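All values derive from a computational prediction rather than experimental measurement. Quick note: numbers below take in every heavy atom, side chains included, and nothing from hydrogens, waters or symmetry partners.
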Amino acid sequence: MPWWHLATSQHRLALALVHHPTRTTIMTALFNFEALLLVIILSICTSAYVHDVFPRILDSNKNGALGFLWKFARVGERLSPYISIACVIMAFRTWA
C-alpha cells in the first residue's frame, strides 16, 4: 500500500495528499469535491443539532456570518431524510 493512502479519515476531511511522480501537494476541501461535500453535509447536521438543542443561538443570528448556520439548520430540518441518506453514503465512501 502506498504511503499516501495511510491517512486516517479525519485527515482526509480537511486535507488530501495527491501523489505526483515528482512532488506531493496538499489540496484543501475547496479543490476536492468529495471532501467539500463531506464538510457541507457535516455542517448541515451540526447546525440542525445545535438549532434543536439551543434554538435561540441561531434564531437571533439569521443575518451575517451565523446566517449560514441558520440556513444550514433549515435545510437539515426540512430535508432530514435526504441529509441522513447522504451521511450514510459518505460514511461508507470514507470507510471503504
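In this structure, Leu37 CG and Leu42 CG are separated by 10.5 Å, a value rounded to the nearest 0.5 Å. The line from CD1 of Ile85 to CG of Leu79 is 11.0 Å long, rounded to the nearest 0.5 Å. One distance of note links CD1 of Ile40 with CZ of Phe72; it measures 6.0 Å at 0.5 Å rounding. The line from CZ of Phe33 to CG of Leu36 is 6.5 Å long, rounded to the nearest 0.5 Å.
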Subject >> Full working for side chain to side chain contact (heavy atoms under 4.5 Å, CB included) between His51 and Asp59 >> reply: CA-CA 8 Å; His51 187 262; Asp59 285 340; 2.9 Å; yes
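The minimum heavy-atom distance linking Met90 with Glu34 is given by the pair CE-O, 3.4 Å. Shortest non-hydrogen contact noted between Ala73 and Leu58 is CB-CD1, 4.0 Å.
Note: the hydrophobic cluster containing Ile57 also contains Tyr49 (ILVMFWY, side chain heavy atoms under 4.5 Å, direct or indirect links).
Side-chain contact between Asp52 and Glu77 is absent, with no heavy atoms from C-beta onward closer than 4.5 Å. Contact of the Ser43 side chain with the Val39 side chain is registered, since non-hydrogen atoms from C-beta on lie closer than 4.5 Å.
Ser47 contributes no side-chain N or O that, together with a main-chain N or O of Ile44, makes up a donor-acceptor pair within less than 3.5 Å.
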